[in-house]
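Written below as structure tokens is the structure these notes are about.
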Amino acid sequence: MFTGKTPLPGVRVSTETPKRDFIRDMVAADVASNKFGRPICTRFPPEPNGFPHIGHAKSICLNFGLAKEFGGRVHLRFDDTNPFTEDIKYVEAIKRDIRWLGFEWDAEYYASDYFEQLYAIALKLVERGKAYVDSENEDEVREHRGTVTTPGTPSAYRDRSVAENLDLLSRMKAGEFADGTHVLRAKIDLAHPNMIMRDPILLRIAHAPHYRRGDAWCIYPLYDFAHGLSDAIEGITHSLCTLEFKDNREIYDWLVREAGFERPPEQTEFARLVLDYTVVSKRKLLRLVTDGHVAGWDDPRLHTIAGIRRRGVTPEAIRAFAENVGVARKPARTELAAYEHAVRNDLNMRVPRVLCVVNPLKVVLTNYPEGSVEPLDASYYPHDVPLTGSRPVPFSRELWIERDDFMEDPPKKFFRLAPGREVRLRYGYLITCQEVVKNSAGDVIELRCTYDPATRGGNAPDGRKVQGTIHWVSAAHAADCELRLYDTLFTVPDPDGLPEGQDFTSVLNPDSLVVVHGAKVEPSVAADPIGTRYQFERTGYFISDEDSRPGALVFNRTVTLRDSWVKEKAKG
Ligand code: ATP
Ligand code: MG
């Protein structure tokens, strides 16, 4: 089990500590009092209209986690009641991503399988005078609903007889009417302080094929009608949703009560996860994908689960992050640094360290024998990681080092390579820069250096101090690779909170992807499978991408090495 290396003050990293939050406290109390008379049952109810994202991951961790912790069940239910936006490809993506996160559901359901039951409930409501067919269209219904300060005005059709309502409802179902001509509304109270309770629409006509039910239905339930009743049909106990559904709780309760369910489920709201510098609304994600601002739903710049996975983040990191963020009643944004901290903390403990030069500069060791190659023993893990292993790294006369690790005219504190200065090569020798070779344009193209054969392993027997250690690869052995360096997709922390009229795509970061060609990676990685994760020493965490071909490796940068979060937290 993963336990973090550097737990933050006030932040749990170990999943062994029992979790506490207001929802867990409530569930624990309900279990203790046997409130529902059955084991707890939660559900994750996505609408299959997009790929799941980091916000869904939080909801998944909560719902699946609770079922496990309290010996209950968890259902995966597709809330697929809108024929216009849903698709089987999203169903498949959602299932794959939940499994990738490490969870398995006890049962799989589809709200579209409940259309018959929902229709039966609709008939029952009509018979009892609790619902009526309104022949105003959806816009008129909205207009006549009034405002927070003024009551709504009843539609001319509100007092239709039960017989007339039953007749119209069955003809709506039979497909006699065009879209928008009639709706079924609950008959509650047009002056209700909660606007949602002012005779909400339950069913609407839509002559549109449904991705699962085909043309079987032309009346579709609205969210409020489908959601709570689906929960009740399945015997859910705790229906957990995000805060924007707080006002919907009243209609939820009204419907499950009117439909006659015993010990019906109860809805509880918690704060959505909203991460800085990204968007987690499927509507916006869909636009980024369809308008080509990103390469697809799995573009590593997106915080879709597919994007996160391709970026190299592990499911363990996402679970730890969800736990660190916690479950709260009040809305709050989450800093990107907190997310990246969870990602680094996890990768640090599990990935091998290897050498890769991003922007290569040739070094020739003039006193190293031509044609000679030495395998240097290089460990994959630092001492503070409980994993071991090493590989031979070939060392030879011609090497690549990082262009940034050389300065012709360096300031005093530059502890890397400069004319006449000595530096340590990681796992290798101390070298001294003797000569700088330039092309006709004056650019440095090669450094001619000498190495000290007595310093293999990096220490001088005479005890002389060399501060800097740089990474390198052998020129004759390195593999060429492409690096995809990702930065935030947006330039502002809150792309959802722009001034009226400013589109969120106006704050896309033009440098969110920088592609580096001609980077040089050590040969040991060439045979690793796609999806292997590494730390490229001094550079960042990377994963090999599915676009890799033999001899043309591609790596995605998961996250850089620097961690600003620990420092920020320490400051308080
Ligand atoms: P979106 O706005 O991205 O479309 P949604 O709420 O419409 O989100 P659904 O597929 O209906 O998406 O959501 C499935 C479940 O995931 C719901 O219970 C919802 O409350 C939860 N969920 C969605 N977004 C978040 C989030 N950002 N944080 C926590 N839970 C979320
Ligand atoms: Mg939704």
Side-chain angles (χ1 to χ4, degrees), residues 21 23 41-67 74-82 84-87 89-95 97-98 101 103 105 108-112 221-224 226-228 230-231 234 236 238-249 252 265-289 297 302-308 318-319 321-334 336 338-339 494-497 504:
D21 53 60
I23 290 188
C41 188
T42 58
R43 86 288 175 268
F44 176 63
E47 181 177 358
N49 60 354
F51 274 46
H53 50 63
I54 183 105
H56 293 119
K58 173 175 174 172
S59 175
I60 292 166
C61 289
L62 177 63
N63 282 294
F64 284 74
L66 282 171
V74 55
H75 295 180
L76 171 60
R77 181 178 69 248
F78 292 97
D79 251 353
D80 53 355
T81 56
N82 180 351
F84 298 107
T85 54
E86 295 159 3
D87 197 284
K89 72 172 182 231
Y90 299 128
V91 169
E92 276 150 17
I94 291 165
K95 285 160 60 165
D97 290 348
I98 297 173
L101 279 173
F103 298 107
W105 45 96
E108 178 178 327
Y109 295 112
Y110 294 80
S112 58
L222 273 85
Y223 170 85
D224 284 319
H227 191 80
S230 298
D231 281 348
E234 289 174 22
I236 302 297
H238 297 85
S239 177
L240 310 176
C241 66
T242 41
L243 287 171
E244 65 274 19
F245 294 100
K246 203 179 177 76
D247 287 343
N248 302 69
R249 197 198 311 150
Y252 185 111
E266 287 181 8
Q267 173 180 308
T268 307
E269 308 87 20
F270 64 95
R272 298 170 79 74
L273 174 69
V274 186
L275 188 59
D276 278 351
Y277 293 99
T278 192
V279 291
V280 291
S281 135
K282 280 184 286 188
R283 192 174 49 80
K284 288 183 178 160
L285 290 168
L286 181 65
R287 245 195 83 199
L288 292 172
V289 172
W297 283 102
L302 296 180
H303 289 81
T304 53
I305 297 179
I308 285 169
I318 297 300
R319 298 204 301 263
F321 171 65
E323 188 178 332
N324 291 349
V325 171
V327 180
R329 286 178 215 264
K330 292 233 168 64
R333 301 186 62 86
T334 300
L336 191 61
Y339 170 74
D494 183 5
D496 298 313
F504 74 105

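Counting starts at 1 for both ligands and their atoms, in listed order.
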Salt bridge or not between E266 and R249? Use side-chain N to carboxylate O under 4.0 Å. no
Ligand 1 N/O within reach of N49 N/O, cut-off under 3.5 Å: no
R77/D79 ion pair, N-O < 4.0 Å: yes
List ligand 1 atoms under 4.0 Å from P46, heavy atoms only on the residue side. 10 (O), 14 (C)
Once you restrict to heavy atoms under 4.0 Å, what part of R283 touches ligand 1? Side chain, backbone, both or neither. neither
Which ligand 1 atoms does T242 reach within 4.0 Å, using its non-hydrogen atoms? 20 (O), 29 (C), 30 (N), 31 (C)
When the ring centroid of H303 is compared with that of Y339, is the distance short of 6.0 Å? yes
Below 3.5 angstrom, do we get any N/O pair linking G55 and ligand 1? yes
Pull out every atom of ligand 1 sitting under 4.0 Å from any heavy atom of S59, numbered as shown with elements. 16 (O), 21 (C), 30 (N)
Using a heavy-atom cut-off of under 4.0 Å, does the side chain or the backbone of P52 touch ligand 1, or both, or neither? neither
To the nearest 0.5 Å, tell me how far L66 CG sits from T42 OG1. 6.0 Å
All heavy atoms of D276 vs all of R333, minimum pair found to be OD1-NE, 2.8 Å
Test your reading of the structure: does P45 have an N or O sitting under 3.5 Å from an N or O of ligand 1? no
Hey, does the Lys NZ or Arg CZ of K282 hover above the aromatic six-ring of F51, less than 6.0 Å from the centre and inside 45° of the axis? no
Smallest separation among heavy atoms of A57 and I305, with atom names: CB-CD1, 4.1 Å
L76 and side-chain contact (heavy atoms from CB on, under 4.5 Å): which partner among Y110, Y109, F44, F103? F44
For D79 and ligand 1, answer yes if some heavy atom of the residue is under 4.0 Å from a ligand atom, otherwise no. no
For ligand 1, is F44 a contact, meaning one of its heavy atoms is under 4.0 Å away? yes
From the candidates R77, R272, E47, H227, the one that places a heavy atom nearest atom 6 (O) of ligand 1: R272
Judged by modelled atom types alone, do Y252 and D231 share a side-chain donor-acceptor pair under 3.5 Å? yes
Against heavy atoms of H53, which atoms of ligand 1 measure under 4.0 Å? 3 (O), 24 (N)
Should one rank E244, H56, R43 by closest heavy-atom distance to atom 16 (O) of ligand 1, which comes out on top? H56
